[in-house]
Structures are given as structure tokens and as C-alpha cells.
Amino acid sequence: MDAEREARIAEVTARARPVWAENRDGGALQEFLKEIGCDGVDAVMVTRQVVECSLGEAQEIFLTAPCRATELAAHNAFMEALEQSQGGV
């Protein structure tokens, strides 16, 4: 990861910590991140640092937040296409 991205994630993490501390709600955290334009991998990385969880747990928090329904649909469509390309169901 380049230094600029690392600094951006650190800055957003610092801004997001109070949101998490206030109610420890993954949905509220994702709403905040979405409002400030933090999406995708960066949002997962910030979530991981703020919540102090594993990458898998951060991805789950990201993908199950109501405000991330579009991202979940895209993820599911990609996974389905990947499975089909590999001869899966």
C-alpha cells in the first residue's frame, strides 16, 4: 500500500473511532464511512482497524450493513459468476 493511501486510511480511522465508540454498531459505522466517501477496500480496512477485528469480520460488517446493499449485490453477483466459471453450481 502506498504512503498516501496509508495516511488517508489512518485519518479516516481516527475520524471513525468516536462513531464506533458511541454505539458499537457496524451499520452506523458504515453509514458514517459511506457519508464521507470511504467505500470498498478502504472502508473494510478502516472497519478492521476501528473495530479491531479480523479481515473476515470487517468484510462481514461492511457487506451486511443496510447502506451497503449495492456492494453486497455486486459481491454476490461476482461470486456467482466466479463459481459458474469454475464449473460450480
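- Closest of all the heavy-atom pairs between Asn23 and Ala28 is ND2-CB, 3.8 Å.
- Rounded to the nearest 0.5 angstrom, Trp20 CH2 and Gln49 CD are separated by 14.5 Å.
- Residues Gly27 and Ala65 come closest through the heavy atom pair CA-CB, 4.2 Å.
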(Q) One pair to check against side chain to side chain contact (heavy atoms under 4.5 Å, CB included): Thr47 and Leu29. What are the steps and the verdict? (A) CA-CA 8 Å; Thr47 300; Leu29 176 61; 4.1 Å; yes
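- Arg68 places a side-chain heavy atom less than 4.5 Å from the side chain of Leu33.
- Separating the CZ atom in Phe32 from the SG atom in Cys67 is a distance of 12.0 Å, to the nearest 0.5 Å.
- Considering only heavy atoms from C-beta on, Glu57 stays 4.5 Å or farther from Val51 through its side chain.
- With sequence neighbours excluded, no residue satisfies salt bridge (Lys or Arg N to Asp or Glu O under 4.0 Å) with Arg17.
- Cluster annotation: Ile61 and Leu63 are assigned to distinct hydrophobic clusters (Ile/Leu/Val/Met/Phe/Trp/Tyr, side-chain heavy-atom contacts under 4.5 Å, transitive).
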Q: Start with the C-alpha gap between Met45 and Leu55, add the side-chain angles, then the distance that decides, and say whether side chain to side chain contact (heavy atoms under 4.5 Å, CB included) holds.
A: CA-CA 8 Å; Met45 293 172 70; Leu55 178 59; 5.9 Å; no
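- Other residues, nucleotides and ligands contribute at most 12 non-hydrogen atoms within 6.0 Å of the CD atom of Glu60.
- No path of Ile, Leu, Val, Met, Phe, Trp and Tyr side chains, each step under 4.5 Å between heavy atoms, connects Val41 with Phe62, placing them in separate hydrophobic clusters.
- Considering only heavy atoms from C-beta on, Glu80 stays 4.5 Å or farther from His75 through its side chain.
- Taking each heavy atom of Arg15 and Glu11 in turn, the nearest pair found is CD-OE2, 2.6 Å.
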Q: Report the C-alpha separation of Arg8 and Arg5 in whole Å, then their side-chain angles, then the decisive distance to 0.1 Å, and conclude whether the side chain to side chain contact (heavy atoms under 4.5 Å, CB included) test is met.
A: CA-CA 5 Å; Arg8 184 176 61 245; Arg5 188 175 194 187; 3.2 Å; yes
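- The nearest pair of heavy atoms linking Cys38 to Val12 is SG-CG1, 4.1 Å.
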